[in-house]
*Asks:* 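The following block contains the structure, expressed as structure tokens.
When reading the values below, keep in mind they use all heavy atoms of this one structure, side chains included, and skip hydrogens, waters and symmetry mates. Every value quoted in this text rests on a predicted model; they were computed, and no experiment measured them.
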Amino acid sequence: MKQGTYSISANVEIASGIFRMRLEGDTSAFLRGGQFVDIAVPGFFLRRPLAVREWDDKGFDVVYKVVGEGTAILSGLKEGERLEVLTGLGNGFDARACRSSALVVCGGLGASPAFSLVKELLRTGRKVTVILGFNRATEVVLFKEYQALGADVHLVTVDGSAGLKGFVTDAVNLLSPEYDYFYTCGPKVMMKALCGQLEGPGEVSLEERMGCGCGICYGCTCHTVSGPKRVCADGPVFKKEEVIW
Amino acid sequence: MVTSVDICGVHFKNPVVPASGTFGFGLEMAPVYDLNLLGGISLKGTTRDPRFGNECPRIAECPDGMINSVGLQNPGIDALLRDKLPALRSLYGGVVIANVSGFSVEEYSECCARAASAPEVDMLEVNVSCPNVHGGGLAFGTSAKAAAEVTSAARKACGGKPVFVKLSPNVTDIVEIAKACEEAGADGLTLINTVLGMRIDIRSRKPVVANRYGGFSGRAVFPIALRMVNQVSRACNIPIMGCGGVSRAEDVIEMMMAGASLVQVGAENLRNPMVCKEIVESLPLVMERLGINDINEIIGIV
Ligand SMILES: Cc1cc2nc3c(=O)[nH]c(=O)nc-3n(C[C@H](O)[C@H](O)[C@H](O)COP(=O)(O)OP(=O)(O)OC[C@H]3O[C@@H](n4cnc5c(N)ncnc54)[C@H](O)[C@@H]3O)c2cc1C
Ligand SMILES: Cc1cc2nc3c(=O)[nH]c(=O)nc-3n(C[C@H](O)[C@H](O)[C@H](O)COP(=O)(O)O)c2cc1C
Ligand code: FES
């Protein structure tokens, strides 16, 4: 974990109520896709945890949905404004766990943390099938970015307004993709259904309300087969068979 | 300039101590900054058996503070002695305060004896004030008689090591309970633990924390904590660790003027993991500005 001050270089609405914010500053604490940052939003006591979509030497970006007061304030911030951020939090996905072909299934903004994972999987020569699920066409994000990476990407919406109609689990049945390892990030109900459906090993990224975001308060603990684990520090990514749903 | 404080035969290089439950077992923070700059560390509350605590969500945001309903998640006293303490001692030379909780006088006594037997532990803090567990913690801290019973059992169990009793603000008369603990042999008192509180998610019409109520703390409780420290210090003759809402060096000074010999920093660690380091570093500058040469000279002057 590192603490630093970052300056906003972009903060744009990329879908209805969903923003992409780019922050310039030290990214030396970032190690893996699926890690997150904890942003101090002016006027609030607790930080806001957000997954990192992508990073480079100069900065990183997050994709966030306005759901409450904190994210509403974030969405109003302008280029050049500064934010204090804890970076390099959580374990992230293990790209090396995949031998040759991966299945990556995301629901909603779960598409954000999986992005750097998919980049890494492709960079290291794995074949990757990505299934991105959303409620409706107006909420679709990052589909084109995934295509640009060169992954085999499939879009599915619950109301059928874009791509296939149905849930990601329907898309998995329909496509029956080849994989030796799967990764998933999205709503808990979706990941639970998926873990029941998918054979073989995989990992899931969990979410919980957080106090510290860095492992000191035990505010975010979940049940696992190996006992209580902190989502922020022992996770947010857990092996499929570890999670007690 | 003197920032060190000696109480009950224990030397603190400065009065700054991260509060129990807001700094893990210290180890978690070791990669972030050198723990040796701290006066002491109060470890996460430990019970005889491992505990998961309450279900999540167990954190709720509040204006200038937060609610937690962690409910004493901990790996149990055996794991504390076997894993946490030796690991912490290998990289930290300051004061180690073991924070102990229980569900019966016997359990308090057993945990205290075990913790006190560990060579790594310098001091005990007996938590009779956790609002997040039923039938434990707070049940002992809201009655003078029960608090005194736990105190004398803990005092007997701890051999030569100092025993601080950690008091709850969720009582009508904290002075009465403080005095009962003093009479029962407490070497010192820590106050305050969290204030019982609640938040409701007005969209879902449900309490934010799964346990319905939780402990409120953070900057907003500072005036309450300060008042209670002042009341207790004027009524008792044992040292006090002041706790509640401290977020900067000025608050440390204010808490000491109210009567605290040492000052604990809790929820602020969660929003700013660097805060204890920042306080330790700015304390001498604030003292200089206020014309304080020896921090001991301001303890309880108000
Ligand atoms: C590891 C992790 C990664 C995340 N990544 C993303 C992401 O990439 N994009 C995105 O849009 N959202 C993400 N979230 C959810 C995001 O943190 C919340 O939507 C956000 O904190 C809401 O803040 P608010 O002030 O707008 O909402 P409010 O409801 O006003 O917030 C009140 C409190 O509840 C917390 N809270 C509310 N909803 C959540 C939630 N779903 N999870 C955790 N805490 C919550 C807030 O942090 C705050 O402390 C992530 C959460 C976690 C734990
Ligand atoms: C997340 C969290 C966990 C806590 N756990 C414990 C605990 O295990 N034992 C204890 O005695 N106090 C515990 N406390 C109480 C704090 O040590 C402290 O007394 C209280 O939070 C008031 O200080 P503050 O306003 O600086 O937070 C906890 C507080 C928080 C916020
Ligand atoms: S949020 Fe504090 S331990 Fe996870």
*Asks:* Name the option with the most non-hydrogen atom pairs under 4.5 Å to chain A; the candidates are B:Lys44, B:Arg51, B:Glu28.
*Replies:* B:Glu28
*Asks:* By a 4.5 Å heavy-atom criterion (distance strictly below it), what part of B:Asn272 contacts chain A: side chain, backbone, both, or neither?
*Replies:* both
*Asks:* Is it the backbone or the side chain of B:Val208 that comes under 4.5 Å from a heavy atom of chain A, or both, or neither?
*Replies:* side chain
*Asks:* Say you draw a straight line from CG of A:Asn11 to CG of A:Leu83; how long is it, rounded to the nearest 0.5 Å?
*Replies:* 9.0 Å
*Asks:* Could you tell me which of B:Pro57, B:Pro273, B:Gly65 has the largest number of non-hydrogen atom pairs under 4.5 Å with chain A?
*Replies:* B:Gly65
*Asks:* Is it the backbone or the side chain of B:Ala267 that comes under 4.5 Å from a heavy atom of chain A, or both, or neither?
*Replies:* both
*Asks:* Answer with side chain, backbone, both or neither: which region of B:Pro31 has an atom nearer than 4.5 Å to a non-hydrogen atom of chain A?
*Replies:* neither
*Asks:* Chain B: which of A:Gly215, A:Gly227, A:Cys220, A:Gly211 shares the most heavy-atom pairs with it under 4.5 Å?
*Replies:* A:Gly211
*Asks:* Determine the interplanar angle of the A:Tyr218 and B:Phe25 rings, folded into 0 to 90°, and report it as parallel if under 30°, tilted if 30 to 60°, perpendicular if over 60°.
*Replies:* perpendicular
*Asks:* Thinking salt bridges, do B:Asp64 and B:Arg271 make one under a 4.0 Å N-O criterion?
*Replies:* no
*Asks:* Would B:Glu120 and B:Tyr92 count as having a side-chain donor-acceptor pair, cut-off 3.5 Å?
*Replies:* no
*Asks:* Let me know which of A:Phe30, A:Phe36, A:Phe115, A:Phe60 forms a ring-ring contact (aromatic ring centres under 6.0 Å, His included) with A:Trp55.
*Replies:* A:Phe30
*Asks:* Ignoring hydrogens and angles, state whether a donor on the side chain of B:Gln73 or A:Thr221 is under 3.5 Å from an acceptor on the partner side chain.
*Replies:* yes
